[in-house]
Protein chains: 2
Amino acid sequence: MKMVRKKVPKATINRLPLYLRGLVNFYSKGERVVSSTRLAELIGTNSAQVRKDLSFLGEFGIRGIGYEIEKLIEELSQFLGLAQAKKVIVVGVGRLGSALLGYNGFKERGFEIVAGFDVDPSKIGKEMNGVNIYKMDSLRKIVKKIGVDIGIITTPAQKAQEVAEKLVEAGVKSILNFAPVSIEVSDKIPVRNVDLSVEFQILSYYLSKGEKSIIKRGNEKRFGEGGKPSIK
Amino acid sequence: MKMVRKKVPKATINRLPLYLRGLVNFYSKGERVVSSTRLAELIGTNSAQVRKDLSFLGEFGIRGIGYEIEKLIEELSQFLGLAQAKKVIVVGVGRLGSALLGYNGFKERGFEIVAGFDVDPSKIGKEMNGVNIYKMDSLRKIVKKIGVDIGIITTPAQKAQEVAEKLVEAGVKSILNFAPVSIEVSDKIPVRNVDLSVEFQILSYYLSKGEKSIIKRGNEKRFGEGGKPSIK
DNA sequence: CCAGGCAAGTTAACTCTTTCACAAAGATTA
DNA sequence: TAATCTTTGTGAAAGAGTTAACTTGCCTGG
């Protein structure tokens, strides 16, 4: 029975959205209660982990029964700050950027893309999937006017850092960077980097790891970025 | 002078592609040597971490100087199994799938998209960004013929599990899943799940907590169940 | 109301990862 | 050659995260 919530580990934070996703799925199938074991299978971990993770948020399971799905969804949404919708802009509406503009899953989950920005004159002033595309010069004005929670960077790598700075300067509150480069901004602004090539390369390692798992050594001669908090 | 079986930590594996990315970038700018401190800044960690990570692969720094970039790129590429090109297919060429088809960065990094698959008759038989789109029924035949290292799933969530099973059955060696659902296949097949909504939600948490910034990438890999990839 | 079953909550052991701090070794200077 | 400087490589300590195993509490059947 704890009133004071201890600090929630980062590893736990990373799993909470996965629980949420699974719970919503279960709920839509008519289920109303779920056990830690069932939730664990869903995301590939074990039941102790699930109980531990959820215990950081409070006690809302029923011993002998499990967790009431609806209640747990509510608690997780609350905890993750999903209670109110988030406004999102996309800078760089090339292939990936426009794919994001068109993905309905975000809106369903409370992330509304309110504007796109690009430097290509042939895109500026157009509308893509119901979202207006503006020139970069308008960034500041538009952000000030509507308030933006998340700025997505889908520009080429060379432009990413510059864009990140413009976003911060304009007042965007957090950044999701898809450009294959690490960006560095004030450590007050949460930044997440998602590099798809990196995912491929990690997979490549596990693909070939049979031979790679034995290493010979020694017979001759092996986020706001910038030295701030390192997170996995 | 030791010949040791030493397990490379997963956390290290996840960082190696980031070092590689930075090194390639430095090299293209004409630099030839880099220190652990410099590499650390690049990915937002500290020099001890970098040295430790690299020490798992061998000793190829020069004390008093740093690391020879070209050599380090070579070693990392070798270690990550990037020495030979990987063949990739994309199942589901909707918005995200076709964005991936068109991204040149993959080919540059040795990941060649050799075919796309879809169920939509209006796409089948067409070519998108130089890649032929086939019907799902052809999956097995084509995979058998050309050999496929990585299968990307960019279908709707409801189809993802079924597609994953077809991929495995056809002989695809690893899977990168973008559908917002966890897929479960044989433990022998490495799987990585990338859910963009999850990234948004994690960001949402840090946003609402007004907490210090996050940095790195999300995450964890899953291998079927509770992660089997370690060799003891 | 009690006994038995079941699953959450919790503690502590354990494992994994990061960081510290220093010895080792190549480079440079005198 | 020796002294000094610099940066790697590493063992050990510290810190995070995971898992096992135990305790608590709810529910059901008798």
Side-chain angles (χ1 to χ4, degrees), chain A residues 1-16 19 33-41 43-69 71-72 75 215 217-223 227-232, chain B residues 1-2 4 6-16 19 33-41 43-69 71-72 75 214-217 219-222 225-232:
Chain A
M1 185 88 48
K2 54 174 140 22
M3 304 271 38
V4 186
R5 288 175 186 175
K6 292 196 316 187
K7 189 196 152 225
V8 182
K10 292 182 184 90
T12 294
I13 301 293
N14 289 344
R15 280 186 296 266
L16 295 180
Y19 297 139
V33 168
V34 70
S35 67
S36 58
T37 305
R38 187 93 196 288
L39 259 179
E41 283 167 11
I43 77 159
T45 181
N46 62 60
S47 64
Q49 178 87 80
V50 172
R51 292 197 301 277
K52 187 71 152 180
D53 282 342
L54 296 180
S55 76
F56 287 108
L57 315 205
E59 287 182 36
F60 17 80
I62 307 164
R63 294 175 192 218
I65 299 293
Y67 299 89
E68 201 189 315
I69 293 178
K71 184 175 176 189
L72 199 45
E75 292 286 347
I215 302 165
R217 312 179 65 216
N219 59 350
E220 44 75 49
K221 245 351 54 184
R222 147 180 133 99
F223 291 143
K228 266 94 155 231
S230 167
I231 282 187
K232 65 158 304 182
Chain B
M1 186 77 97
K2 34 190 167 168
V4 184
K6 183 124 192 186
K7 192 195 147 204
V8 181
K10 281 183 197 169
T12 294
I13 300 294
N14 289 344
R15 280 186 296 266
L16 295 180
Y19 297 139
V33 168
V34 70
S35 68
S36 56
T37 305
R38 187 94 194 286
L39 258 179
E41 280 166 13
I43 76 161
T45 181
N46 62 61
S47 64
Q49 179 88 82
V50 172
R51 293 197 300 278
K52 189 65 130 186
D53 282 341
L54 296 180
S55 77
F56 287 109
L57 316 205
E59 287 183 35
F60 20 80
I62 306 164
R63 293 175 191 218
I65 298 294
Y67 299 89
E68 200 188 316
I69 294 178
K71 184 174 175 186
L72 199 45
E75 292 285 347
I214 334 165
I215 317 188
K216 262 339 9 150
R217 48 185 333 70
N219 342 306
E220 67 291 11
K221 54 255 98 229
R222 293 206 322 111
E225 260 321 284
K228 57 135 275 203
S230 343
I231 288 85
K232 310 247 161 95

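From a predicted model like this one, the values you see are computed outputs, not experimental measurements. Below, chains carry the letters A, B, ... as their sequence lines are ordered, and counting in each starts from 1.
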Student: Which listed nucleotide (C:dC20, D:dC27, C:dA8) is nearest to the side chain of A:S36?
Tutor: C:dA8
Student: How close or far is atom P of C:dA7 from atom CG of A:N46, stated in whole angstroms?
Tutor: 16 Å
Student: Side chains of B:V33 and B:I62: closer than 4.5 Å at any heavy-atom pair?
Tutor: no
Student: Any donor-acceptor pair, under 3.5 Å, between the side chain of A:R63 and the base of C:dG9, if you only look at N and O atoms?
Tutor: no
Student: Nearest to the side chain of A:P9, which nucleotide is it out of D:dG17, D:dG9, C:dA27?
Tutor: D:dG17
Student: Without decimals, in angstroms, what is the distance between A:L54 CG and C:dA8 P?
Tutor: 9 Å
Student: When all nucleic acid strands are considered with a 4.0 Å heavy-atom cut-off, which category describes B:G64: base, sugar-phosphate, or nothing?
Tutor: base
Student: Give the nucleotide from the list D:dT18, D:dA20, C:dG9 with an atom nearest to the side chain of A:R15.
Tutor: D:dT18
Student: B:E68 CD to D:dT8 P: how many Å, rounded?
Tutor: 14 Å
Student: Whole-Å distance between D:dA14 P and B:Q49 CD?
Tutor: 18 Å
Student: Tell me which nucleotide among D:dG11, C:dT11, D:dT8 gets nearest to the side chain of B:K52.
Tutor: D:dG11
Student: Nearest whole angstrom, please: distance from the P of D:dT6 to the CD1 of B:I62.
Tutor: 17 Å
Student: Rounded to the nearest angstrom, tell me the gap between atom CZ in A:F56 and atom P in C:dT11.
Tutor: 12 Å
Student: Roughly how far, to the nearest 0.5 Å, is OG of B:S36 from CD of B:E41?
Tutor: 10.0 Å
Student: For A:Y19, which of A:T45, A:T12, A:D53 qualifies under side-chain hydrogen bond (donor to acceptor under 3.5 Å, both in side chains)?
Tutor: A:D53
